[in-house]
Participant: 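I'd like to ask you about the structure that follows.
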Amino acid sequence: TEAHHASCESRGLNKVSWGFPPRTQVLNFHGNNLHVIPARSFPGCCQVVSLYLGFCKIYKIQAWAFRGMRSLKYLHLSDNDLTSLEPEALVGLPKLNNLHLEGREPTDTIPQSLSLVPNLSVLHLEQNAISRLQPAGLLSSAAPALTNLYLRSNAISGIAKAALNSPNIETLHLDSNRLTRVPSDALTDTPNLTELNLSQNPVQWVGPETFQEMSHSLQRLYMNRMGMAEMSKEVLLSLGPRLKVLTVRGNQLKTLPDLSPLSGLELIDLRDNPLICDCDLLPRRRWMERVKLDVLGTCGHPVEVKGQKLMHTNGFATCPENNLRRTETDPV
Ligand SMILES: *[C@@H]1O[C@H](CO)[C@@H](O)[C@H](O)[C@H]1NC(C)=O
Ligand SMILES: *[C@@H]1O[C@H](CO)[C@@H](O)[C@H](O)[C@H]1NC(C)=O
Ligand SMILES: *[C@@H]1O[C@H](CO)[C@@H](O)[C@H](O)[C@H]1NC(C)=O
């Protein structure tokens with residue numbers, strides 16, 4: 001396959017050079033100084049599947065820039081200087097599936113031009129300056145086939161109602177943004193949402209019905225370092241039996257609610273919380289043992305057991321017999 005790979009990486013080029021073998025499938029211009037991609041920049045590149053244009057100081061892509069690239073599936077445009085994308089910048093790419101637009105692109109919104117990319121399924125927009133997600137129905141109209149959307153490390157503080165609704169979205173990463181609440185009303189019609197990352201947003205409090213609409217599909221939920229001091233049983237009820245993975249690492253949790261509504265749970269990550277490993281927590285640990293849950297977590301208090309693994313601590317050894325007996329009759 002080496003023969004099908006053409007590389008002009010970091011050559012100081014200021015325009016796209018031509019004349020690659022017609023069977024070229026991977027074309028790499030990473031790290032040049034292209035600035036502008038004019039119309040029809042890639043003639044004769046109809047077999048190229050992956051095109052790398054990262055770190056090329058591109059600030060403008062003209063309409064029909066990629067015309068003729070009928071086989072293109074992966075387009076890497078990360079770490080450029082794009083402020084916007086012209087509506088027709090990405091037209092004529094019927095197979096484009098995976099688009100990288102992350103890293104220091106000074107764009108403030110999701111480009112509307114994505115509506116013209118019919119088969120786009122994976123969109124990377126991490127580490128940009130996106131602060132707004134609007135208007136309603138953005139995703140279903142902007143990228144009809146989108147299944148994975150990555151928005152880590154932007155400046156998102158609010159999401160318009162229904163902005164993320166999309167019948168196909170499966171993986172949504174909103175981690176490391178500025179959300180102060182879980183954007184439930186932006187996710188009312190996402191029947192296939194299985195993975196949601198909300199870590200490192202200053203959410204602090206998660207209301208009882210937060211995940212109601214997502215409970216039919218959600219399997220993996222990441223809520224690390226959100227400043228949460230408490231989780232209620234109601235929240236867990238709204239998550240329900242489909243959930244397999246829950247991470248709440250690095251919060252302020254001292255106690256845990258009854259976890260039994262999460263009957264499908266396989267892994268819980270409780271690390272870096274000030275959990276109080278006293279007799280009140282014992283019923284939770286017994287439940288975890290009974291259902292053979294994978295548990296990551298250590299005790300924070302009392303001081304004698306600080307740092308011990310929750311599943312191996314001897315902090316419960318002195319709990320009175322009656323306490324043990326009571327937990328044994330807890331409903332499974
Ligand atoms: C669209 O993408 C899917 C994979 O996500 C692929 O199976 C399908 O063939 C693509 N459609 C076109 C027209 O290339
Ligand atoms: C959910 O995804 C499946 C394929 O994984 C697809 O067949 C189905 O149409 C999707 N649901 C909706 C409502 O589009
Ligand atoms: C979720 O987000 C956090 C914070 O950005 C990140 O460290 C973690 O890797 C993410 N988890 C997954 C499964 O993507």
Side-chain angles (χ1 to χ4, degrees), residues 25 45-51 66-75 78 90-100 102-104 114-130 139-140 142-157 159 164 166-180 182-183 187 192-204 206 211 214 217-228 239 242-252 265-273 294 296-297:
Q25 291 187 321
C45 289
C46 58
Q47 302 222 26
V48 171
V49 174
S50 298
L51 176 60
F66 304 100
R67 180 160 215 169
M69 302 193 88
R70 291 194 299 273
S71 306
L72 196 69
K73 284 189 186 168
Y74 303 94
L75 178 54
S78 46
L90 298 175
V91 290
L93 297 171
K95 294 202 169 164
L96 187 65
N97 196 263
N98 202 307
L99 177 60
H100 284 260
E102 72 268 33
R104 302 184 299 132
L114 299 178
S115 62
L116 300 171
V117 190
N119 211 19
L120 189 65
S121 144
V122 180
L123 178 57
H124 287 271
L125 289 167
E126 297 97 327
Q127 293 177 285
N128 290 314
I130 296 170
L139 282 194
S140 43
L146 208 64
T147 59
N148 297 46
L149 177 59
Y150 300 99
L151 287 161
R152 174 176 47 80
S153 300
N154 278 280
I156 300 165
S157 57
I159 301 181
L164 296 169
S166 151
N168 299 310
I169 194 90
E170 290 170 11
T171 297
L172 178 60
H173 286 193
L174 290 166
D175 46 305
S176 299
N177 277 287
R178 297 182 192 160
L179 295 168
T180 52
V182 177
L187 293 166
N192 276 339
L193 185 65
T194 53
E195 177 171 312
L196 181 59
N197 195 341
L198 294 167
S199 294
Q200 295 191 39
N201 281 282
V203 169
Q204 292 181 355
V206 178
F211 299 104
M214 296 164 237
S217 58
L218 204 59
Q219 295 182 12
R220 294 179 296 280
L221 177 60
Y222 306 99
M223 299 198 293
N224 300 343
R225 302 196 167 82
M226 299 203 319
M228 262 193 309
L239 278 163
R242 263 185 212 274
L243 200 71
K244 293 191 170 135
V245 176
L246 176 63
T247 74
V248 287
R249 185 175 184 179
N251 282 287
Q252 295 303 319
L265 202 62
E266 293 169 4
L267 170 74
I268 190 166
D269 186 348
L270 298 161
R271 283 175 291 177
D272 308 320
N273 281 286
D294 244 328
L296 298 169

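Numbering of ligands and ligand atoms starts at 1, following listing order. Remember, predicted model here, so these are calculated numbers, not experimental data.
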Participant: Look at the aromatic rings of H173 and Y150 and report parallel, tilted or perpendicular, splitting at 30° and 60°.
Facilitator: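 Correct class here is perpendicular.
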Participant: When you measure from atom 9 (O) of ligand 3 to the protein, is at least one non-hydrogen atom found at a distance under 4.0 Å?
Facilitator: no
Participant: Under a 4.0 angstrom heavy-atom cut-off, which atoms of ligand 3 come close to Y222?
Facilitator: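 What qualifies from ligand 3 is 13 (C).
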Participant: Which of these, L198, N197, T247, N201, has its nearest heavy atom closest to atom 2 (O) of ligand 3?
Facilitator: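 Nearest heavy atom to atom 2 (O) of ligand 3 lies in N197.
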Participant: Does the protein put any heavy atom within less than 4.0 Å of atom 5 (O) of ligand 1?
Facilitator: yes
Participant: For atom 7 (O) of ligand 3, find the nearest protein heavy atom and state the residue, atom name and distance (0.1 Å precision).
Facilitator: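 Going atom by atom, the protein heavy atom closest to atom 7 (O) of ligand 3 ends up being Q200 NE2, 4.7 Å.
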Participant: Which atoms of ligand 3 have any heavy atom of R152 under 4.0 Å away?
Facilitator: 5 (O)
Participant: Give the atoms of ligand 3, by number and element, whose distance to some non-hydrogen atom of D175 is under 4.0 Å.
Facilitator: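 Here the atoms of ligand 3 in question are 1 (C), 2 (O), 3 (C), 4 (C), 5 (O).
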Participant: When you compare the side chain of L172 with that of L164, does any pair of heavy atoms fall below 4.5 Å?
Facilitator: yes
Participant: Could you identify the single nearest non-hydrogen protein atom to atom 14 (O) of ligand 1 and state the distance to 0.1 Å?
Facilitator: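 Here the closest protein heavy atom is K95 CG, 3.2 Å.
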Participant: Counting non-hydrogen protein atoms only, what is the nearest one to atom 11 (N) of ligand 1? Give residue, atom name and distance.
Facilitator: N119 ND2, 2.7 Å
Participant: Any idea which part of R220 is under 4.0 Å from ligand 3, heavy-atom wise: side chain, backbone, both or neither?
Facilitator: neither
Participant: Under the side-chain hydrogen bond (donor to acceptor under 3.5 Å, both in side chains) test against S121, which residue among N148, N98, T147 passes?
Facilitator: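 Considering N148, N98, T147, a side-chain hydrogen bond (donor to acceptor under 3.5 Å, both in side chains) with S121 is found only for T147.
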Participant: Under 3.5 Å, sequence neighbours excluded: what are the donor-acceptor pairs made by side chains of residues 217-224?
Facilitator:
unit_1, atom_1, unit_2, atom_2, d
S217, OG, L193, N, 3.4
S217, OG, L193, O, 2.7
S217, OG, M214, O, 3.4
R220, NE, E195, OE1, 2.7
R220, NH2, E195, OE1, 3.2
N224, OD1, T247, OG1, 2.8
N224, OD1, V248, N, 3.4
N224, OD1, R249, N, 2.9

Participant: Applying side-chain contact (heavy atoms from CB on, under 4.5 Å) between R152 and each of E102, Q127, H124, report the one that passes.
Facilitator: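 One option only clears the test, and that one is Q127.
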Participant: Quickly, which of L187, L243, L239 forms a side-chain contact (heavy atoms from CB on, under 4.5 Å) with F211? Name it, please.
Facilitator: L239
Participant: To the nearest 0.5 Å, what is the distance between CG (L90) and CG (L116)?
Facilitator: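 Rounded to the nearest 0.5 Å, the CG-CG separation comes out at 8.5 Å.
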Participant: Pick out which of L125, T171, V122 makes a side-chain contact (heavy atoms from CB on, under 4.5 Å) with L149.
Facilitator: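 Single side-chain contact (heavy atoms from CB on, under 4.5 Å) partner of L149 among L125, T171, V122: L125.
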Participant: How far is atom 13 (C) of ligand 1 from the closest protein heavy atom, and which atom is that?
Facilitator: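 Nearest neighbour among protein heavy atoms for atom 13 (C) of ligand 1, to 0.1 Å: P94 O, 4.1 Å.
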Participant: So if I count the atoms of ligand 1 from 1 in the order they appear, which ones are less than 4.0 Å from some heavy atom of N97?
Facilitator: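 Going through ligand 1 atom by atom, the ones under 4.0 Å from N97 are 2 (O), 4 (C), 5 (O).
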